[in-house]
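Just below is one structure, and these are the notes that go with it.
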Number of protein chains: 2
Amino acid sequence: MNMDIATVNALTYEDFVNILGNVVEKCPIITAAVWSGRPFFNLTALEAAISEFIDALPDSGKEGILRCHPDLAGRDLQSGSLTRESREEQAGAGMDALNSAEASRVARLNEEYKERFGFPFVICARMNDKANILRQLSERCQNERAVERARGIEEVKKICRLRLQGLVLTDAHNKL
Amino acid sequence: MNMDIATVNALTYEDFVNILGNVVEKCPIITAAVWSGRPFFNLTALEAAISEFIDALPDSGKEGILRCHPDLAGRDLQSGSLTRESREEQAGAGMDALNSAEASRVARLNEEYKERFGFPFVICARMNDKANILRQLSERCQNERAVERARGIEEVKKICRLRLQGLVLTDAHNKL
(Lines give C-alpha, C1' and ligand atoms only; values in the text may rest on other atoms or scores of the structure.)
Protein backbone atom coordinates (compact mmCIF):
# COMPACT_ATOMS: atom_id res chain seq x y z
CA MET A 1 0.00 0.00 0.00
CA ASN A 2 1.65 3.24 -1.13
CA MET A 3 1.69 6.23 1.21
CA ASP A 4 -0.02 9.46 0.34
CA ILE A 5 2.06 12.61 0.44
CA ALA A 6 0.60 13.76 3.77
CA THR A 7 1.81 10.53 5.34
CA VAL A 8 5.25 11.03 3.78
CA ASN A 9 5.42 14.57 5.13
CA ALA A 10 4.56 13.39 8.63
CA LEU A 11 7.40 10.82 8.80
CA THR A 12 10.29 11.33 11.20
CA TYR A 13 13.61 11.52 9.42
CA GLU A 14 14.34 8.01 10.63
CA ASP A 15 11.23 6.51 9.06
CA PHE A 16 11.66 8.67 5.95
CA VAL A 17 15.19 7.30 5.45
CA ASN A 18 14.21 3.75 6.36
CA ILE A 19 11.41 3.72 3.80
CA LEU A 20 12.78 5.95 1.03
CA GLY A 21 16.53 5.72 1.65
CA ASN A 22 17.32 3.60 -1.40
CA VAL A 23 15.40 5.51 -4.09
CA VAL A 24 18.88 6.50 -5.20
CA GLU A 25 20.88 3.28 -4.94
CA LYS A 26 23.02 3.13 -1.77
CA CYS A 27 22.75 6.90 -1.33
CA PRO A 28 20.56 7.37 1.78
CA ILE A 29 22.29 10.70 2.32
CA ILE A 30 20.25 12.11 -0.59
CA THR A 31 16.92 11.02 0.87
CA ALA A 32 18.08 12.17 4.30
CA ALA A 33 19.06 15.57 2.89
CA VAL A 34 15.77 16.31 1.16
CA TRP A 35 13.86 15.60 4.38
CA SER A 36 15.03 19.12 5.33
CA GLY A 37 12.79 20.45 2.55
CA ARG A 38 9.50 18.91 3.66
CA PRO A 39 6.56 19.34 3.45
CA PHE A 40 6.34 18.30 -0.20
CA PHE A 41 3.26 19.35 -2.14
CA ASN A 42 3.15 16.07 -4.02
CA LEU A 43 5.31 13.24 -5.33
CA THR A 44 6.52 15.44 -8.19
CA ALA A 45 7.83 17.97 -5.68
CA LEU A 46 9.66 15.28 -3.72
CA GLU A 47 11.17 13.92 -6.90
CA ALA A 48 12.20 17.44 -7.91
CA ALA A 49 13.90 18.01 -4.56
CA ILE A 50 15.97 14.85 -5.09
CA SER A 51 16.88 15.91 -8.65
CA GLU A 52 17.90 19.36 -7.51
CA PHE A 53 20.10 17.93 -4.79
CA ILE A 54 21.82 15.66 -7.32
CA ASP A 55 22.22 18.45 -9.87
CA ALA A 56 23.90 20.70 -7.29
CA LEU A 57 26.61 18.12 -6.58
CA PRO A 58 30.02 18.61 -8.15
CA ASP A 59 30.93 16.26 -11.00
CA SER A 60 32.82 14.08 -8.53
CA GLY A 61 29.63 13.69 -6.49
CA LYS A 62 27.65 12.70 -9.57
CA GLU A 63 30.33 10.15 -10.41
CA GLY A 64 30.14 9.04 -6.77
CA ILE A 65 26.45 8.27 -7.21
CA LEU A 66 27.16 6.21 -10.32
CA ARG A 67 29.93 4.31 -8.49
CA CYS A 68 27.43 3.25 -5.83
CA HIS A 69 25.53 1.31 -8.51
CA PRO A 70 26.19 -2.38 -9.18
CA ASP A 71 27.15 -3.72 -12.58
CA LEU A 72 24.32 -5.07 -14.69
CA ALA A 73 24.49 -8.86 -14.56
CA GLY A 74 27.65 -8.47 -12.48
CA ARG A 75 29.16 -10.12 -9.44
CA ASP A 76 26.59 -8.65 -7.02
CA LEU A 77 23.80 -10.29 -8.98
CA GLN A 78 25.71 -13.57 -9.11
CA SER A 79 26.57 -13.53 -5.41
CA GLY A 80 23.09 -12.45 -4.30
CA SER A 81 24.36 -9.20 -2.75
CA LEU A 82 22.28 -6.78 -4.81
CA THR A 83 19.86 -4.50 -2.98
CA ARG A 84 16.29 -5.78 -3.21
CA GLU A 85 15.38 -2.98 -5.60
CA SER A 86 18.29 -3.70 -7.97
CA ARG A 87 17.66 -7.42 -7.90
CA GLU A 88 14.03 -6.99 -8.92
CA GLU A 89 14.90 -4.45 -11.62
CA GLN A 90 17.69 -6.55 -13.12
CA ALA A 91 15.58 -9.70 -13.03
CA GLY A 92 12.69 -7.87 -14.67
CA ALA A 93 14.93 -7.05 -17.63
CA GLY A 94 16.20 -10.62 -17.86
CA MET A 95 19.69 -9.81 -16.57
CA ASP A 96 19.56 -12.88 -14.31
CA ALA A 97 18.85 -15.18 -17.27
CA LEU A 98 21.53 -14.40 -19.85
CA ASN A 99 22.85 -17.26 -21.94
CA SER A 100 26.59 -17.80 -21.73
CA ALA A 101 27.38 -15.81 -24.88
CA GLU A 102 25.32 -12.88 -23.60
CA ALA A 103 26.87 -13.12 -20.16
CA SER A 104 30.39 -13.05 -21.60
CA ARG A 105 29.53 -10.12 -23.81
CA VAL A 106 28.01 -8.11 -20.93
CA ALA A 107 30.97 -8.88 -18.67
CA ARG A 108 33.43 -7.74 -21.35
CA LEU A 109 31.50 -4.56 -22.14
CA ASN A 110 31.03 -3.71 -18.44
CA GLU A 111 34.79 -3.94 -17.94
CA GLU A 112 35.44 -1.87 -21.04
CA TYR A 113 32.96 0.75 -19.88
CA LYS A 114 34.39 0.95 -16.34
CA GLU A 115 37.95 1.08 -17.62
CA ARG A 116 37.07 3.94 -19.95
CA PHE A 117 34.95 6.05 -17.58
CA GLY A 118 35.82 5.09 -14.00
CA PHE A 119 32.18 4.41 -13.15
CA PRO A 120 29.69 1.70 -14.11
CA PHE A 121 27.15 1.63 -16.91
CA VAL A 122 23.84 2.71 -15.36
CA ILE A 123 20.53 2.25 -17.13
CA CYS A 124 16.94 2.13 -15.93
CA ALA A 125 16.40 -1.60 -16.46
CA ARG A 126 12.65 -1.36 -15.96
CA MET A 127 12.35 0.93 -18.98
CA ASN A 128 14.43 -1.33 -21.25
CA ASP A 129 14.44 -4.94 -22.38
CA LYS A 130 17.48 -7.18 -22.61
CA ALA A 131 18.23 -6.51 -26.27
CA ASN A 132 17.99 -2.77 -25.79
CA ILE A 133 20.23 -2.85 -22.70
CA LEU A 134 22.91 -4.85 -24.54
CA ARG A 135 22.76 -2.49 -27.50
CA GLN A 136 23.03 0.62 -25.33
CA LEU A 137 25.87 -0.82 -23.27
CA SER A 138 27.83 -1.33 -26.47
CA GLU A 139 26.94 2.06 -27.96
CA ARG A 140 27.45 4.13 -24.84
CA CYS A 141 31.01 2.78 -24.44
CA GLN A 142 31.84 5.07 -27.37
CA ASN A 143 30.72 8.33 -25.71
CA GLU A 144 32.82 10.95 -23.99
CA ARG A 145 33.11 10.79 -20.21
CA ALA A 146 31.12 14.00 -19.56
CA VAL A 147 28.33 12.77 -21.82
CA GLU A 148 28.17 9.43 -20.00
CA ARG A 149 28.29 11.08 -16.58
CA ALA A 150 25.24 13.14 -17.52
CA ARG A 151 23.54 10.21 -19.20
CA GLY A 152 24.13 7.95 -16.20
CA ILE A 153 22.63 10.58 -13.89
CA GLU A 154 19.56 10.83 -16.16
CA GLU A 155 19.14 7.08 -15.75
CA VAL A 156 19.58 7.37 -11.97
CA LYS A 157 16.69 9.84 -11.95
CA LYS A 158 14.49 7.49 -13.98
CA ILE A 159 15.26 4.63 -11.58
CA CYS A 160 14.52 6.97 -8.66
CA ARG A 161 11.18 8.01 -10.16
CA LEU A 162 10.03 4.40 -10.53
CA ARG A 163 11.21 3.46 -7.05
CA LEU A 164 9.37 6.48 -5.62
CA GLN A 165 6.22 5.50 -7.53
CA GLY A 166 6.40 2.12 -5.85
CA LEU A 167 6.32 3.77 -2.41
CA VAL A 168 4.31 6.98 -2.66
CA LEU A 169 0.95 7.63 -4.32
CA THR A 170 1.29 9.56 -7.55
CA ASP A 171 -0.16 13.04 -7.79
CA ALA A 172 -3.29 11.88 -9.61
CA HIS A 173 -4.12 9.47 -6.78
CA ASN A 174 -3.59 12.12 -4.14
CA LYS A 175 -6.24 14.26 -5.80
CA LEU A 176 -8.94 11.58 -5.63
CA MET B 1 47.41 -4.91 7.77
CA ASN B 2 46.84 -1.31 6.70
CA MET B 3 47.42 -0.31 3.09
CA ASP B 4 50.04 2.22 2.11
CA ILE B 5 48.89 5.18 0.05
CA ALA B 6 50.32 3.77 -3.19
CA THR B 7 48.14 0.71 -2.75
CA VAL B 8 45.12 2.92 -2.06
CA ASN B 9 45.81 4.96 -5.18
CA ALA B 10 46.01 1.81 -7.31
CA LEU B 11 42.57 0.52 -6.23
CA THR B 12 39.73 0.34 -8.75
CA TYR B 13 36.75 2.41 -7.68
CA GLU B 14 34.97 -0.79 -6.73
CA ASP B 15 37.68 -1.92 -4.33
CA PHE B 16 38.14 1.65 -3.06
CA VAL B 17 34.43 1.85 -2.19
CA ASN B 18 34.32 -1.70 -0.82
CA ILE B 19 37.21 -1.03 1.54
CA LEU B 20 36.77 2.66 2.41
CA GLY B 21 33.05 3.16 1.70
CA ASN B 22 31.98 3.49 5.33
CA VAL B 23 34.58 5.94 6.61
CA VAL B 24 31.63 8.32 6.65
CA GLU B 25 28.79 6.23 8.09
CA LYS B 26 26.42 4.90 5.39
CA CYS B 27 27.69 7.49 2.91
CA PRO B 28 29.65 5.47 0.32
CA ILE B 29 28.86 8.23 -2.18
CA ILE B 30 31.46 10.41 -0.43
CA THR B 31 34.21 7.81 -0.70
CA ALA B 32 33.12 7.07 -4.26
CA ALA B 33 33.24 10.77 -5.14
CA VAL B 34 36.75 11.42 -3.85
CA TRP B 35 38.10 8.51 -5.91
CA SER B 36 37.87 11.01 -8.80
CA GLY B 37 40.62 13.03 -7.08
CA ARG B 38 43.24 10.27 -6.83
CA PRO B 39 46.19 9.91 -6.64
CA PHE B 40 46.45 11.13 -3.04
CA PHE B 41 49.85 12.20 -1.79
CA ASN B 42 49.22 10.70 1.63
CA LEU B 43 46.49 9.85 4.12
CA THR B 44 46.19 13.51 5.10
CA ALA B 45 45.41 14.42 1.50
CA LEU B 46 42.75 11.71 1.26
CA GLU B 47 41.20 12.90 4.50
CA ALA B 48 41.29 16.49 3.23
CA ALA B 49 39.51 15.49 0.02
CA ILE B 50 36.71 13.92 2.07
CA SER B 51 36.46 17.00 4.29
CA GLU B 52 36.33 19.30 1.29
CA PHE B 53 33.58 17.27 -0.31
CA ILE B 54 31.54 17.43 2.90
CA ASP B 55 32.16 21.15 3.36
CA ALA B 56 30.94 21.88 -0.18
CA LEU B 57 27.57 20.23 0.46
CA PRO B 58 24.58 22.44 1.17
CA ASP B 59 23.31 22.51 4.76
CA SER B 60 20.68 19.93 3.81
CA GLY B 61 23.44 17.59 2.65
CA LYS B 62 25.34 18.02 5.91
CA GLU B 63 22.14 17.27 7.80
CA GLY B 64 21.69 14.28 5.50
CA ILE B 65 25.06 12.92 6.61
CA LEU B 66 24.08 13.30 10.25
CA ARG B 67 20.74 11.55 9.61
CA CYS B 68 22.61 8.52 8.25
CA HIS B 69 24.11 8.02 11.72
CA PRO B 70 22.53 5.73 14.30
CA ASP B 71 21.54 6.90 17.77
CA LEU B 72 24.05 6.27 20.50
CA ALA B 73 22.83 3.29 22.53
CA GLY B 74 19.72 3.29 20.34
CA ARG B 75 17.57 0.70 18.65
CA ASP B 76 20.21 -0.24 16.06
CA LEU B 77 22.60 -1.17 18.85
CA GLN B 78 19.88 -3.12 20.64
CA SER B 79 18.73 -4.96 17.52
CA GLY B 80 22.26 -5.70 16.29
CA SER B 81 21.81 -3.72 13.07
CA LEU B 82 24.66 -1.24 13.56
CA THR B 83 27.44 -1.19 10.99
CA ARG B 84 30.53 -3.04 12.23
CA GLU B 85 32.37 0.23 12.68
CA SER B 86 29.61 1.83 14.76
CA ARG B 87 29.17 -1.27 16.88
CA GLU B 88 32.85 -1.35 17.80
CA GLU B 89 32.96 2.38 18.47
CA GLN B 90 29.85 2.39 20.64
CA ALA B 91 30.99 -0.69 22.55
CA GLY B 92 34.40 0.86 23.12
CA ALA B 93 32.75 3.79 24.87
CA GLY B 94 30.55 1.50 26.96
CA MET B 95 27.33 2.38 25.14
CA ASP B 96 26.40 -1.32 25.07
CA ALA B 97 26.70 -1.61 28.84
CA LEU B 98 24.60 1.20 30.27
CA ASN B 99 22.72 0.55 33.48
CA SER B 100 18.99 1.05 33.30
CA ALA B 101 19.06 4.61 34.67
CA GLU B 102 21.73 5.58 32.14
CA ALA B 103 19.88 3.85 29.33
CA SER B 104 16.66 5.71 30.14
CA ARG B 105 18.49 8.99 30.36
CA VAL B 106 20.24 8.49 27.00
CA ALA B 107 17.00 7.43 25.32
CA ARG B 108 15.20 10.50 26.64
CA LEU B 109 18.00 12.90 25.64
CA ASN B 110 18.36 11.31 22.19
CA GLU B 111 14.64 11.89 21.58
CA GLU B 112 14.87 15.44 22.87
CA TYR B 113 17.87 16.13 20.64
CA LYS B 114 16.25 14.65 17.52
CA GLU B 115 12.97 16.47 18.18
CA ARG B 116 14.83 19.77 18.52
CA PHE B 117 17.24 19.45 15.57
CA GLY B 118 15.83 16.93 13.13
CA PHE B 119 19.03 14.91 13.14
CA PRO B 120 20.74 12.67 15.70
CA PHE B 121 23.41 13.50 18.25
CA VAL B 122 26.73 12.54 16.67
CA ILE B 123 29.93 12.27 18.66
CA CYS B 124 33.22 10.50 18.08
CA ALA B 125 32.74 7.77 20.67
CA ARG B 126 36.36 6.63 20.47
CA MET B 127 37.54 10.03 21.66
CA ASN B 128 35.14 10.14 24.62
CA ASP B 129 34.24 8.00 27.60
CA LYS B 130 30.73 7.25 28.77
CA ALA B 131 30.52 10.06 31.33
CA ASN B 132 31.74 12.60 28.82
CA ILE B 133 29.30 11.41 26.15
CA LEU B 134 26.35 11.65 28.55
CA ARG B 135 27.42 15.13 29.64
CA GLN B 136 27.82 16.37 26.07
CA LEU B 137 24.52 14.86 24.96
CA SER B 138 22.80 16.83 27.69
CA GLU B 139 24.71 20.07 27.04
CA ARG B 140 24.51 20.04 23.26
CA CYS B 141 20.72 19.75 23.39
CA GLN B 142 20.80 23.43 24.41
CA ASN B 143 22.63 24.68 21.29
CA GLU B 144 21.20 26.33 18.21
CA ARG B 145 20.54 24.13 15.19
CA ALA B 146 23.27 25.68 13.01
CA VAL B 147 25.80 25.24 15.81
CA GLU B 148 24.86 21.58 16.23
CA ARG B 149 24.90 20.96 12.50
CA ALA B 150 28.47 22.23 12.35
CA ARG B 151 29.43 20.45 15.56
CA GLY B 152 27.99 17.16 14.33
CA ILE B 153 29.94 17.46 11.08
CA GLU B 154 33.15 18.09 13.08
CA GLU B 155 32.47 14.85 14.91
CA VAL B 156 31.79 13.04 11.61
CA LYS B 157 35.24 14.13 10.46
CA LYS B 158 36.89 12.86 13.66
CA ILE B 159 35.13 9.50 13.24
CA CYS B 160 36.23 9.44 9.60
CA ARG B 161 39.85 10.16 10.53
CA LEU B 162 39.97 7.28 12.98
CA ARG B 163 38.29 4.88 10.56
CA LEU B 164 40.76 5.90 7.85
CA GLN B 165 43.66 5.36 10.23
CA GLY B 166 42.40 1.83 10.77
CA LEU B 167 42.65 1.12 7.04
CA VAL B 168 45.47 3.20 5.60
CA LEU B 169 49.01 3.71 6.88
CA THR B 170 49.52 7.15 8.39
CA ASP B 171 51.89 9.58 6.71
CA ALA B 172 54.73 8.86 9.13
CA HIS B 173 54.59 5.15 8.28
CA ASN B 174 54.58 5.83 4.56
CA LYS B 175 57.85 7.69 4.91
CA LEU B 176 59.69 4.79 6.53
Side-chain angles (χ1 to χ4, degrees), chain A residues 11-18 20-22 24-38 49-50 52-71 74-76 79 81 83 110-111 113-120 145-146 149 152-153 156, chain B residues 11-18 20-22 24-38 49-50 52-71 74-76 79 81 83 110-111 113-120 145-146 149 152-153 156:
Chain A
L11 294 174
T12 64
Y13 78 81
E14 290 172 290
D15 289 336
F16 191 84
V17 174
N18 280 339
L20 300 170
N22 208 47
V24 179
E25 178 78 8
K26 295 187 184 167
C27 293
I29 181 184
I30 296 177
T31 301
V34 302
W35 187 83
S36 298
R38 78 197 184 294
I50 293 170
E52 284 161 25
F53 186 87
I54 293 171
D55 290 341
L57 290 172
D59 286 344
S60 64
K62 295 183 178 110
E63 294 180 354
I65 293 173
L66 298 175
R67 291 182 192 121
C68 289
H69 284 70
D71 286 353
R75 60 183 176 187
D76 286 326
S79 66
S81 56
T83 62
N110 274 337
E111 288 309 311
Y113 188 99
K114 291 188 286 185
E115 179 66 29
R116 179 170 168 93
F117 299 117
F119 49 77
R145 177 168 172 162
R149 184 197 303 124
I153 291 296
V156 166
Chain B
L11 294 174
T12 64
Y13 78 81
E14 290 172 291
D15 290 335
F16 191 83
V17 175
N18 280 339
L20 300 171
N22 209 47
V24 179
E25 180 77 7
K26 294 187 183 166
C27 293
I29 180 184
I30 297 176
T31 301
V34 302
W35 187 82
S36 297
R38 77 196 186 295
I50 293 171
E52 283 162 25
F53 186 88
I54 293 172
D55 291 340
L57 289 172
D59 287 343
S60 64
K62 295 183 178 111
E63 294 180 355
I65 292 174
L66 298 176
R67 291 181 191 122
C68 289
H69 284 70
D71 287 352
R75 60 183 177 187
D76 286 326
S79 67
S81 56
T83 63
N110 273 338
E111 288 309 311
Y113 187 100
K114 291 188 286 185
E115 180 67 29
R116 179 170 168 93
F117 299 117
F119 48 79
R145 177 167 172 163
R149 185 197 302 124
I153 290 296
V156 166

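Quick note: numbers below take in every heavy atom, side chains included, and nothing from hydrogens, waters or symmetry partners. Quick note on labels: first sequence line is chain A, next is B, and so on, each numbered from 1.
For the set A56(B), G64(B), C27(B), the count of heavy-atom pairs under 4.5 angstrom toward chain A peaks at G64(B). Per-residue heavy-atom pair counts under 4.5 Å with chain B were compared for F119(A), F53(A), W35(A), and the maximum is reached by W35(A).
Checked against side-chain hydrogen bond (donor to acceptor under 3.5 Å, both in side chains), E111(A) has the following partners two or more places apart in sequence or in another chain: K114(A). Among residues two or more places apart in sequence or in another chain, the side-chain hydrogen bond (donor to acceptor under 3.5 Å, both in side chains) test is passed with R38(B) by none.
Residues C68(A) and A32(B) come closest through the heavy atom pair SG-CB, 4.3 Å. In this structure, S36(A) and R67(B) approach most closely via the heavy-atom pair OG-NH1, 2.9 Å. Nearest approach of G118(B) to Y13(A), heavy atoms of both residues: O-CD2, 3.5 Å.
The contact between D71(A) and chain B is made entirely by side chain atoms (from C-beta outward), counting heavy-atom distances below 4.5 Å. Contact of D76(A) with chain B is not made at all, since no heavy-atom distance falls under 4.5 Å. Within the 4.5 angstrom heavy-atom criterion, only side-chain atoms of L57(A), from C-beta onward, approach chain B. When heavy atoms are compared at a cutoff of 4.5 Å, P120(B) approaches chain A by way of both its backbone and its side chain.
A distance of 10.5 Å separates CD1 in I29(B) from NZ in K62(A), rounded to the nearest 0.5 Å.
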